[in-house]
There are 2 protein chains.
Amino acid sequence: MQREKINVLIERYLSVSFLVTKKAAALVKCEIDEDMTNDQYYLLRYVKKRETCTSTELASVFGVNKSAITAMMNRLVDKGLIQRTRDENDRRVVYLTLTEKGNEWFVKTEEKIHKLVESLIMKFSEQEIESFIQTYEKLARILQELEETQ
Amino acid sequence: MQREKINVLIERYLSVSFLVTKKAAALVKCEIDEDMTNDQYYLLRYVKKRETCTSTELASVFGVNKSAITAMMNRLVDKGLIQRTRDENDRRVVYLTLTEKGNEWFVKTEEKIHKLVESLIMKFSEQEIESFIQTYEKLARILQELEETQ
DNA sequence: CAAAAATAGTTCAACTATTTAACTATTAAA
DNA sequence: TTTAATAGTTAAATAGTTGAACTATTTTTG
């Protein structure tokens, strides 16, 4: 690929990626739940998927400091969506899991989210969306490797 | 597309999009300039590209409140990268432009950004990256329309 | 034309997210 | 058994955000 073409691609990528992220985040907050921030939603979603996990794991996955996780988790605990349980064998460890209320909230919200994302996905062909997500996943792997080699 | 396939695509999209965003933002802050946040960088980049613009325009484009723009612009003004100029004809309007220092910073940084993004882009085929960005741009247009109809 | 409405931007209070450093408690290693 | 390392929290500082109230200007309109 020649330099000129690369520069054009970079410009297009930079112009679009940040704005899409912002608008998608606003959409979630707006349409899904006024009281839930984007970060809190993705945190909750990750914990739900993993069933249980620790602050350290979340900090590593989300690429933030452990104290940032503590702060956000405090808010989710205050809302009654997350509970903390100490490991009886290694009493330093605290497990984070969804409460019953958290599970209910998640199931209810997941329907809304799916409807919202589905209405977007429908505007693309199956082939288009499949290759988009594949590239996204490849990008995620590359960024992950990059992070690990530093 | 049948329901099952759609749900899988949604799961994959949600799993990957937030993390990529986070990691890309961290990368910019880390590799490019410790003192520049991701938001500030994209704000500066937009102003640079438009040559000059107003808070109202930025608020609309970035999908945030005008007072958020004021706050961020204050920080960029404090850093000496952005200057405010009042419109002489309509004295309510304030134009935001890059200072000389802002321009220098941008040119210097753009080289680093390009190198960084290029090293990522090189891991993809031209066809792959082209169709990825096209889909991204289409998504941006759809989100924009969605916002306007609300 | 003067009062009312609209527009551009700022300020302020409240909140969320984040980092860094210092800290507690616990476990593992020397 | 002292020393390291690990897991997590707390506290202070900074950034980003919203919404409401505000100032200063046009624009509209009765």
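Below, chains carry the letters A, B, ... as their sequence lines are ordered, and counting in each starts from 1. As the structure is a computational prediction, the values presented were derived from the model and not from experiment.
- Look at CG on B:L58: it is 13 Å from P on D:dG16, rounded to the nearest Å.
- Across D:dG8, C:dT19, C:dG9, the shortest atom-to-atom separation from the side chain of B:S55 is found for C:dG9.
- Candidate nucleotides C:dG9, C:dT18, D:dG16 were compared by shortest atom distance to the side chain of B:Q40, and D:dG16 ranks first.
- Salt bridge present: B:D39 and A:K22 bring a charged side-chain N and a carboxylate O closer than 4.0 Å.
- Nucleotide C:dA30 forms a pair with D:dT1, judged by Watson-Crick or G-U wobble geometry with both contacts under 3.5 Å.
- For B:K66 and D:dG16, the NZ to C1' distance is 18 Å, given to the nearest whole Å.
- Separating the CE atom of A:M36 from the C1' atom of C:dA17 is a distance of 15 Å, rounded to the nearest angstrom.
- With respect to A:K5 and B:E126, a salt bridge is recorded, a charged nitrogen being found less than 4.0 Å from a carboxylate O.
- Proximity of B:T56 to the phosphate of C:dT7: no side-chain N or O atom is located under 4.0 Å from OP1 or OP2.
- Ring centers of B:F132 and A:F132: under 6.0 Å apart, within the cut-off.
- The nearest heavy atom of DNA chain D to A:R84 and to A:K29 marks one nucleotide each, and the one closer to the 5' end goes with A:R84.
- Comparing A:T70 and A:E34 against DNA chain D, the residue whose closest nucleotide sits nearer the 5' end is A:T70.
- As the counterpart of C:dA4, D:dT27 is assigned, both hydrogen-bonding distances of the Watson-Crick or G-U wobble pattern falling under 3.5 Å.
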Contact state string [nucleotides 21-30 of chain C, B base, S sugar-phosphate only, - no protein heavy atom under 4.0 Å]: ----BBS---
Tell me which donor-acceptor pairs under 3.5 Å the side chains of residues 9-18 of chain B have, and how far apart each pair is, sequence neighbours excluded?
| from | atom 1 | to | atom 2 | distance (Å) |
| --- | --- | --- | --- | --- |
| B:E11 | OE1 | A:R45 | NH1 | 3.3 |
| B:E11 | OE2 | A:R45 | NH2 | 3.2 |
| B:R12 | NE | A:E137 | OE2 | 2.9 |
| B:R12 | NH1 | A:E130 | OE1 | 3.3 |
| B:R12 | NH1 | A:E130 | OE2 | 3.3 |
| B:R12 | NH2 | A:E130 | OE2 | 3.4 |
| B:R12 | NH2 | A:E137 | OE1 | 3.0 |
| B:S15 | OG | A:K49 | NZ | 3.0 |
| B:S15 | OG | B:E11 | O | 2.8 |
| B:S17 | OG | B:Y13 | O | 3.1 |

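- With 3.5 Å as the limit, one finds a donor-acceptor pair spanning the side chains of B:S67 and B:N65.
- In this model, a donor atom of one side chain and an acceptor atom of the other lie less than 3.5 Å apart for B:Y46 and B:E57.
- When distances run from any side-chain atom of B:A68 to the nucleotides D:dT18, C:dT18, C:dA17, the shortest one goes to D:dT18.
- Its glycosidic angle being within 90° of 0, D:dA4 falls on the syn side.
- In this structure, CG of A:N74 is placed 8 Å from C1' of D:dT9, rounded to the nearest angstrom.
- Evaluated for a salt bridge (charged side-chain N to carboxylate O under 4.0 Å, His left out) with B:E88, the options B:R91, B:R86, B:R92 yield exactly one hit, B:R91.
- Under a hydrophobic clustering in which Ile, Leu, Val, Met, Phe, Trp and Tyr are joined whenever their side-chain heavy atoms come within less than 4.5 Å, directly or via other members, B:M122 and A:I142 fall into the same cluster.
- Between B:K48 and B:E110 there is no salt bridge, since no side-chain N of the basic residue sits under 4.0 Å from a carboxylate O of the acidic one.
- B:D35 has its CG atom 15 Å from the C1' atom of D:dA13, to the nearest Å.
- For DNA chain C, no neighbouring residue in residues 44-54 of chain A is found when judged by any heavy atom under 4.0 Å.
- A close approach under 4.0 Å does occur between a side-chain nitrogen or oxygen of B:K22 and OP1 or OP2 of C:dT18.
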